[in-house]
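Residue numbers run from 1 in the order of the sequence given. Hydrogens, waters and symmetry mates are skipped; everything else that's a heavy atom, side chains included, is used. Order of appearance sets the numbers: ligands from 1, and atoms from 1 within every ligand. Bear in mind the structure is a predicted one, so any value in this text is a computation, not a measurement.
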Amino acid sequence: MTTVLLTGFEPFGGDAGNPSGEAVHLVAAHWAGPEVLVTAVLPVTFAGATSRLRELMAEHRPDVVIAAGLAGGRTRVGVERVAVNLVDARIPDNDGAQPIDEPSVAGAPAARFATLPVKAILRALEDAGIPAEVSYSAGTFVCNHVFFTALDAAPPGTRAGFVHVPWSAEHAPDPDAATLPLREIGRALEIAVRTALTTAADTSVPGGALH
Ligand code: PCA
């Protein structure tokens with residue numbers, strides 16, 4: 001049986017909501033299989049998020065792992081291509097921890113690439129009318145830490161990666177914030193999962209960044 005692990009995050013930084021966690025619930029509510037979908041909303045803590053993720057991966061042995069998080073201010077859904085082995089927290093996490101200049105996983109390489117078909121996901125999102133981009137930095141906070149940990153914990157053959165989402169229109173911090181409707185964010189995550197399940201080899205289309 002093919003298994004997918006899809007995670008989002010709890011609110012952080014004093015925000016009332018986090019669209020990544022809410023969107024994961026939407027995907028779970030609509031999931032029609034036949035693959036098994038396991039979902040979880042991770043705490044925004046360096047220690048708690050990665051220990052929960054490692055537990056979930058050990059328990060369910062997923063074929064596809066997609067972690068999602070909020071990138072407030074971004075206008076597009078970002079399919080992350082590279083996780084760096086670095087934690088450098090600009091704000092405290094939800095435990096009050098603020099690690100600076102530490103490795104995400106001691107002794108691991110400086111960076112790892114997502115093993116998702118990132119270009120095929122980009123193309124599928126664009127075809128569905130969802131603003132999307134390949135992103136080359138998931139930051140150095142809890143999201144990147146979870147992304148790097150997912151790649152570190154994934155056995156060979158697992159497709160693992162990270163998707164950053166904008167604010168939802170329903171929970172924007174201010175009226176001028178860039179947003180997408182929560183329904184569209186959920187649709188984006190479902191498309192990412194479905195594309196990862198159905199794409200054998202990634203598509204070769206431009207998706208790089210000039211700066
Ligand atoms: N976004 C943060 C952590 C949790 C989330 O949803 C980040 O990008 O690191």
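- The stretch residues 37-86 participates, sequence neighbours left out, in these ring-ring contact (aromatic ring centres under 6.0 Å, His included) pairs: F46-F141, F46-H145.
- The distance from atom OG1 of T50 to atom CG of L42, rounded to the nearest 0.5 Å, is 9.0 Å.
- Here the shortest heavy-atom pairing between W167 and G73 reads CD1-N, 3.8 Å.
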Are there any N/O pairs under 3.5 Å between ligand 1 and the protein, and if so, what are their distances?
residue	atom	partner	partner atom	Å
ligand 1	1 (N)	L70	O	2.9
ligand 1	6 (O)	N18	ND2	2.9
ligand 1	6 (O)	L70	N	2.8
ligand 1	8 (O)	L70	O	3.4
ligand 1	8 (O)	H164	NE2	2.9
ligand 1	9 (O)	C143	N	2.9

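- Every residue two or more places apart in sequence or in another chain was checked for a salt bridge (charged side-chain N to carboxylate O under 4.0 Å, His left out) with R183, and none qualifies.
- In this structure, V79 is not a member of the same hydrophobic cluster as V65, with clusters built from ILVMFWY side-chain heavy atoms closer than 4.5 Å.
- Residues forming a ring-ring contact (aromatic ring centres under 6.0 Å, His included) with F9 (at least two apart in sequence, or on another chain): none.
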